[in-house]
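All heavy atoms count here, side chains included; hydrogens, waters and symmetry mates do not.
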Amino acid sequence: MFDLSTLNPPQRAAAEHTEGPLLVLAGAGSGKTRVITFRIGHLLLDRKVRADSILAVTFTNKAAGEMKERVRELVGRSRCKGMVISTFHSLGVKILRRDIERLGYKKNFSIYTTSDQLGLVRQAMREVNADGKKHDAEAILWRISGWKNGLIPPDRALPRYDDPDELLAGDVYPIYQRLLRACNAIDLDDIIMLTVGLLQGHPEVLEHWQERFRYIMVDEYQDTNASQYLFISLLAKKYKNLCVVGDDDQSIYGWRGADVGNILDFEKDYPGCRVVKLEQNYRSTGTILEAANHVIRNNVKRKEKRLWTDSGEGRPIDLVTAQDDEEEASLVVERIQMERYRHNLAFSDFAILYRTNSQSRAFEEQLRFESIPYVLVGGMQFYERKEVKDALSYLKVIDNPLDEQALLRIVNFPRRGIGDGTVLRINQWSLEQSCHLMEAFGRVGEIEGINEPTREKVLAFHRLVTGAAEDFRRSGDLAGRVKRLFARLGIEEELYRTIEEPATARRKVENVEQIINSMAGYEERIPGATLSGFLEKVSLMDEDRFSGKDKKEHGRDAVTLMSLHSSKGLEFPFVFLVGFEEEILPHKKSMEEGGTIDEERRLCYVGITRARRHLTITRCLHRKKYGKLLERQPSRFLEEIPERLVQFHEGGAKKAATEEEQEALAQDFFARMRAKLG
DNA sequence: TGCCTCGCACTTTTT
DNA sequence: GTGCGAGGCA
C-alpha cells in the first residue's frame with residue numbers, strides 16, 4: 001500500500017518534493033519507477049492535487065504502460081482518471097488533434113511512419129531528378145529527420161558542402177514537407193516539431209496546456225533531444241513543477257539527437273532546483289553490479305557515481321562461447337530449460353537481449369522448436385508486413401482520403417488491372433489540375449490517353465473506396481465493417497491466388513485476419529473507438545495492450561526477446577546478453593560514423609544491469625552473414641569485466657547437420673530432462 | 001499496358 | 001534473407 005516510509009531517505013525526499021524543479025539522478029535499479037509512482041501517489045493523496053493536472057512522459061509505450069499499471073496498483077484505478085501518462089509522441093498527437101487546424105492541417109491527419117516516409121522521399125527525389133541508386137532514400141530521410149529533431153525547418157537547413165547526401169537532402173527536404181502537407185500527413189518527427197511550433201506560435205494553446213498540466217514528470221530525461229527538450233520546457237514554463245529523472249550512464253539515443261547535456265545542464269536551466277541522487281541498487285547481485293561498474297567506468301565523460309548494493313555477491317557471470325549463431329541459440333535455450341527446472345522458475349523470468357533485431361530470428365526458431373512460449377518485443381514486425389500494410393491502407397484511405405501513399409498501395413491490390421502506367425498518367429493530370437489524386441480517380445473520364453476499359457476499372461475502384469468510406473461514417477462495429485470490407489475486396493482469395501506456397505499464403509491470410517482481431521480488441525477496450533484512434537495507435541506502435549494476439553499472450557508465461565534499447569527500464573531475474581562480439585556490440589556502424597563507442601558501452605551497461613539474479617553472456621566464433629560463415633572476434637567490452645567474476649563455458653562440438661539429426665538430439669535432450677524430473 | 005522475373009544492395013538502435 | 005528498381009515478355 002501507499003506508505004512513504006517504505007522508501008529510503010533520498011527516494012523519499014524526491015517523492016515529497018512536489019513544488020518547483022527537481023532533478024533525480026537515478027542509477028540503474030535504484031528504484032526510480034518506485035519514486036515516480038510514489039510521487040504521484042503523494043501528489044494525489046496527500047497534496048490533494050487533481051489527477052488531470054498530472055502529466056508523466058516516457059519514451060516507450062512499454063515504459064508508459066508499466067508506469068500506469070504501477071500507479072493504478074498504488075492508488076486505485078478510479079483516482080487516476082484524467083491523469084496523462086504517455087510517450088512524447090502520444091502526448092504530441094493529443095495536443096495536435098485538438099488544434100492542428102491552426103497550422104493548416106485537417107484534424108483527420110495521418111501519421112506517416114518509416115515506409116510511408118521513404119515513399120515520399122523517393123517521390124521528392126524524383127522531382128529533383130536524383131536517381132535512386134546513388135543516394136538511397138534512407139540516407140536522405142536520415143538527414144531530414146536529424147534536422148527536424150533539431151527543430152530546423154526546410155528554409156533554415158544548411159547542408160555541409162562536403163556531404164553529397166546532405167546536399168541532396170537539403171533539396172529534398174522542402175519538397176518532402178510539401179508532399180506531406182498535400183497528403184494531410186505528418187511524420188513521426190513532425191509530431192514533436194509541429195507541437196512545439198503550435199505551442200510557440202499560439203499563446204492561448206500554450207496557456208491551455210500549461211494550466212492543464214501543473215505537475216510534470218519526465219522519465220529517462222537523458223534521452224531527450226532538442227525538440228523534446230523544448231516541448232517540455234514550454235509546458236513547464238509557467239508553474240515550473242517539473243521533475244526529471246534520468247541517468248547519464250544510460251543515455252543510448254544519441255543517434256536520434258538525444259543530448260545528455262539536457263540532463264547535465266538541468267541545474268543551470270532551473271536555478272535553485274533540488275537535486276537528489278539515488279545510488280543504492282536494489283536490483284542486481286554484487287557480481288552483476290561490479291561487472292557493470294567496471295565496464296561503465298571506461299567512459300570518461302560522465303557524472304561520477306558509485307552504485308552499491310547490500311544484497312549478496314550472487315553467482316558468477318557465465319560466459320558461453322558457441323561455434324556459430326545456431327549453436328548460440330540452442331545453448332541459450334538449453335540453459336533456459338535447465339535453470340527453469342533447477343530453480344523452479346517461470347519462462348517469464350528469462351530475457352534474451354540483443355543489439356540488433358535481426359539477431360532474434362535464430363532464438364525464435366530454437367524456442368519454437370522446443371515449444372517454449374516467447375514474446376518478441378518491438379521490431380515493427382507485424383504491421384510492417386506487406387499484406388498487412390496493404391490491407392491496412394484501405395482503412396487509412398477511408399480515414400484520410402488525401403493519404404496518397406496508402407492510396408497508391410491499394411489502387412491495384414487486389415489486382416484489378418490498373419497498372420503503373422495508368423496511375424502515372426492520372427497522377428500527372430492531378431498535378432496539372434492541382435486536384436487531389438483521389439479526386440482525379442473520380443474524374444478519370446476527363447483524362448486523355450487512358451483507354452475505356454481501364455477508365456471503367458478506375459471508376460469502379462473510386463466507387464468502391466467512396467462507398468466504403470460512406471459505410472465507415474456510421475459509428476460502431478468497426479471490426480465487423482472491416483471484416484465485411486476485406487471479404488468484399490477478396491483479399492484472401494488474392495493472397496491464395498498470387499502466392500505459390502500454400503503455407504505462406506495461409507500465414508498471410510491469418511495476418512490480415514489479425515488486423516480484424518486487433519480492431520475488435522481495441523473496440524472492446526476503448527469506448528467510442530474510432531478508426532483514426534486505431535490507426536494512430538498502430539502508427540505509434542502503441543497497440544500491444546489491446547491487440548487480440550497479445551491479449552492471449554499477455555499474462556502468458558513466456559520468455560522475453562528484445563533489443564537492448566527496448567530493455568531499458570526493465571528487469572529480469574535471468575538475462576542472456578547474446579552476440580557479445582565486435583561489430584555487434586559495439587556495432588560496426590556506430591564506429592564507422594566517426595562516433596565514439598561510449599554510447600555502445602552504455603548500451604552494454606544497460607544490458608548487464610537488467611539482470612537481477614544471474615547474467616549469461618554469449619558469443620560466437622563464427623556467424624552466418626549473407627549465407628557465408630565469417631569469423632568473429634569477442635567484444636572489447638569483455639576485457640573490461642574482471643575475470644574473477646566470470647565462469648567460462650565452451651559450446652559442444654556436437655552439431656546437427658540435418659533435420660533428422662536435430663530431431664534426434666532434441667529427443668535425446670527431452671529424454672534426459674524427463675529422467676531428471678522423474 | 002500490365003505483369004513477372006531477375007539482379008542487386010542492404011541489415012543499428014525507436015516513436 | 002528482403003525489397004527495391006529495371007528490363008523483358010505476354
Review point. Does the side-chain ring of A:Phe59 sit on the six-membered ring of the B:dT15 base, less than 5.5 Å centre to centre and under 30° in tilt?
Key: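 No, A:Phe59 does not stack on the base of B:dT15, since the centre distance and plane angle fail the 5.5 Å and 30° test.
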Identify whether a stacking contact exists between A:His565 and B:dT13, where the ring centres must be under 5.5 Å apart and the planes under 30° apart.
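It does not: the ring fails the test against the base of B:dT13.
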Using a heavy-atom cut-off of 4.0 Å across all strands, would you classify [X] as base, sugar-phosphate, or nothing?
X        : value
A:Glu138 : sugar-phosphate
A:Asn412 : sugar-phosphate
A:Phe88  : nothing
A:Ser90  : nothing

Using Watson-Crick geometry (N1-N3 plus N6-O4 or O6-N4) or G-U wobble (N1-O2, O6-N3), each under 3.5 Å, B:dG2 is paired with C:dC9
Taking only side-chain nitrogens and oxygens of [X], does any of them come within less than 4.0 Å of OP1 or OP2 of [N]?
X        : N      : answer
A:Asn357 : B:dT12 : no
A:Asn225 : B:dT15 : no
A:Arg416 : B:dT1  : no
A:Arg361 : B:dT11 : no
A:Thr422 : B:dG2  : yes

Taken to the nearest whole Å, CD1/A:Ile426 to C1'/B:dT1 is 13 Å
Nearest heavy atom decides the nucleotide; on that basis, is A:Gly417 or A:Ser358 closer to the 5' end of DNA chain B?
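Nearest nucleotide further toward 5': that of A:Gly417.
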Note to self: Tell me whether the NZ or CZ atom of A:Arg368 lies within the 45° cone about the ring axis of A:Phe363 and under 6.0 Å from its centre.
What the structure shows: no
Kindly indicate whether a cation-pi arrangement holds for A:Arg256 with A:Tyr253, taking the cut-offs as under 6.0 Å to the six-membered ring centre and within 45° of the axis. yes
* More than 12 foreign heavy atoms under 6.0 Å from CD of A:Gln633: is that the case here? -> no
Please verify the inter-ring angle class for A:Phe213 with A:Trp209; under 30° counts as parallel, over 60° as perpendicular, anything in between as tilted. parallel
Under 4.0 Å between a Lys/Arg side-chain N and an Asp/Glu carboxylate O for A:Arg506 and A:Glu510?
yes
